[in-house]
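Nothing here was measured: the structure is a model prediction, and the numbers come from that model.
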Amino acid sequence: MESRRGRPPKEKKGLFAKDLSQLMYGFGDVPNPAPDTVNVLEEMCIKASQVAGSRNKVRVEDFKFILRNDPKKLARVEELLYMSEDIKKARQSFDPREMEVAKGAGGGGEGSSKFEF
């Protein structure tokens, strides 16, 4: 099977494996994740990009769509999205000026605190 310009179609499997494993490590996974895990994630990304089609941008809804028949994975995605929103709201409610006031309220000068960093 050839593409329009006579080139053989590109094999998509394994195309993102190195990048995905580095992303997984960056988000808290082990330095060398299991190849099966990387392959599953890569398949999900390829399917999501196919669902996105001509939009050229993969959205969270595309991943939810491809996981609609796997309730366990879909529930985990929903849980992680909820936790992400919860963390975002907590960060927005954090006021850095409150920390400065708390530091000043410790009293005394240098060395008067029990905890030194």
When rounded to the nearest 0.5 angstrom, what distance separates [atom1] in [X] from [atom2] in [Y]?
X: E43; Y: L41; atom1: CD; atom2: CG; value: 10.0 Å
X: L81; Y: R76; atom1: CG; atom2: CZ; value: 10.5 Å
X: F63; Y: L74; atom1: CZ; atom2: CG; value: 13.0 Å
X: M44; Y: D62; atom1: CE; atom2: CG; value: 11.5 Å
X: N32; Y: Q22; atom1: CG; atom2: CD; value: 10.0 Å
X: S21; Y: N39; atom1: OG; atom2: CG; value: 10.5 Å

Fill in: Least distance between heavy atoms, S49 atom then V58 atom
CA-CG2, 3.8 Å

Worksheet item: So, for P33 and V38, which heavy atoms are closest and what is the spacing to 0.1 Å?
Response: CG-CG2, 3.8 Å

Discussion item. Please tell me whether V60 and L67 are part of a single hydrophobic cluster in this structure, the criterion being side-chain heavy atoms less than 4.5 Å apart.
Written reply: yes

Worksheet item: Are V77 and Y82 linked, directly or through other ILVMFWY residues, by side chains that come within less than 4.5 angstrom of each other?
Response: no

Worksheet item: Charged N to carboxylate O under 4.0 angstrom, K64 versus E61?
Response: no

Worksheet item: Is NZ or CZ of R68 both nearer than 6.0 Å to the six-membered ring centre of F65 and within 45° of the ring axis?
Response: yes

Discussion item. Please check if the number of heavy atoms outside D86 that lie under 6.0 Å from its CG is greater than 12.
Written reply: yes

Worksheet item: How about Q50 and I46: do any of their side-chain heavy atoms sit closer than 4.5 Å?
Response: yes

